[in-house]
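Notes to accompany the following structure.
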Amino acid sequence: MEAVKSLLKPKPTPQQQLREWQRRLRNECRNIERQIRDVQREEKKVEKAIREAAKRNDIGSAKALAKEVVRSRKAVNRLYENKAQLNSISMHLGEIVATARTVGHLSKSTEVMKLVNNLMKAPEVAATMQEFSREMTKAGVMEEMVNDAVDSALDNEDIEEEIEEEVDKVLSAIAGETASELPDTVRKEKEKMKQPSTSEPAERTAIAEAVDDDDELEHIRERLAKVRS
């Protein structure tokens, strides 16, 4: 019965289709804004833990926590980029519909196709963009496309290198005067940095030592990991 109803349902006009797409794009933007606020709120707790670790001369834990802050800030920057691309898609769709009033049908847009393809690689909006891709291909706005494979291992290596470069800057900015009062500890820690990087279990242990409430720590890590996935 539902299949029959869907066949009888009139095809939406380009204007109706545009309004529906733009409504969903706005929802995705609001979801991204909510994620950004959540991560930044949890980041404040990590910054507090960094200052506490620095005060008790625990520079190892402070560095591990600073790495979490760097990762979360990179994730937030990525979210802002995703939001900007969603808004750009909405703008281009408006232009397509304006043209459709003259030619009588929706035209293909390489810009929309490029933006949707980029966002399909973003975990936060991938599922929505896959659905958009199907709908826009059917509506004639896009051609059917095949996602390029992404070498995630190489990307992760590059990100980790960037994170290591930023950790000291973040630590100095947050712990500031406290960290500068620990020259010997900082020097020893930098010597350790020249050796193979700390393993993930060791980092988890260091972070756990910097926060008294294990449940709260896990909550912070889950929040940050969710947006960084």
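Ionic pairing of K55 and E52 is not present here: no N-O contact between side-chain nitrogen and carboxylate oxygen is shorter than 4.0 angstrom. At a threshold of 4.0 Å, the pair E68-R71 counts as salt-bridged, since one of the basic side-chain nitrogens sits closer than that to a carboxylate oxygen. For R78 and E81, the salt-bridge test fails: no basic side-chain N is under 4.0 Å from an acidic carboxylate O.
With hydrogens and angles disregarded, a donor-acceptor distance shorter than 3.5 Å links the side chain of S172 to the backbone of D168. In terms of modelled atom types and a separation under 3.5 Å, the side chain of T137 and the main chain of S133 share a donor-acceptor contact.
Taking every heavy atom of both residues into account, L119 and V125 meet most closely at O-CG2, 3.6 Å. Between K108 and G140, the shortest heavy-atom contact is CG-O, 3.1 Å. The minimum heavy-atom distance between V112 and I96, with the atom names listed, is CG2-CD1, 4.0 Å. Looking at every heavy atom in both residues, S61 comes nearest to A53 through CB-CB, 4.3 Å.
Of the options E28, M136, E111, Q22, a side chain to side chain contact (heavy atoms under 4.5 Å, CB included) to I89 is made by M136 and by none of the others.
Atom CG in L115 sits 11.5 Å away from atom OG in S90 (nearest 0.5 Å). Expressed to the nearest 0.5 Å, how far NZ of K45 lies from CD of E42 amounts to 4.0 Å. Atom CG of residue D38 and atom CD of residue Q40 lie 9.5 Å apart, to the nearest 0.5 angstrom. Expressed to the nearest 0.5 Å, how far CG of N117 lies from CE of M120 amounts to 6.5 Å. With rounding to the nearest 0.5 Å, the separation of NZ in K83 from CG in L86 is 9.5 Å. E33 CD to C29 SG: the interatomic distance, rounded to the nearest 0.5 Å, is 6.5 Å.
Taking the side chain as every heavy atom from C-beta outward, N27 and R30 approach each other to under 4.5 Å. Two residues are said to be in side-chain contact when any heavy atoms from C-beta on lie closer than 4.5 Å; R24 and E20 meet this criterion.
L93 is not connected to M91 by any chain of hydrophobic side-chain contacts under 4.5 Å among Ile, Leu, Val, Met, Phe, Trp and Tyr, and they are in different clusters.
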Side chain to side chain contact (heavy atoms under 4.5 Å, CB included), that's the test. Do W21 and V141 meet it? Break it down for me.
CA-CA 12 Å; W21 283 337; V141 175; 4.2 Å; yes
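Remark: N118 engages no residue in a side-chain hydrogen bond (donor to acceptor under 3.5 Å, both in side chains) (not counting sequence neighbours). I174 meets the side-chain contact (heavy atoms from CB on, under 4.5 Å) test with E47, I50, R51, V69, R73, V170; sequence neighbours excluded.
R34 and N31 share a donor-acceptor pair across their side chains, judged by distance under 3.5 Å alone.
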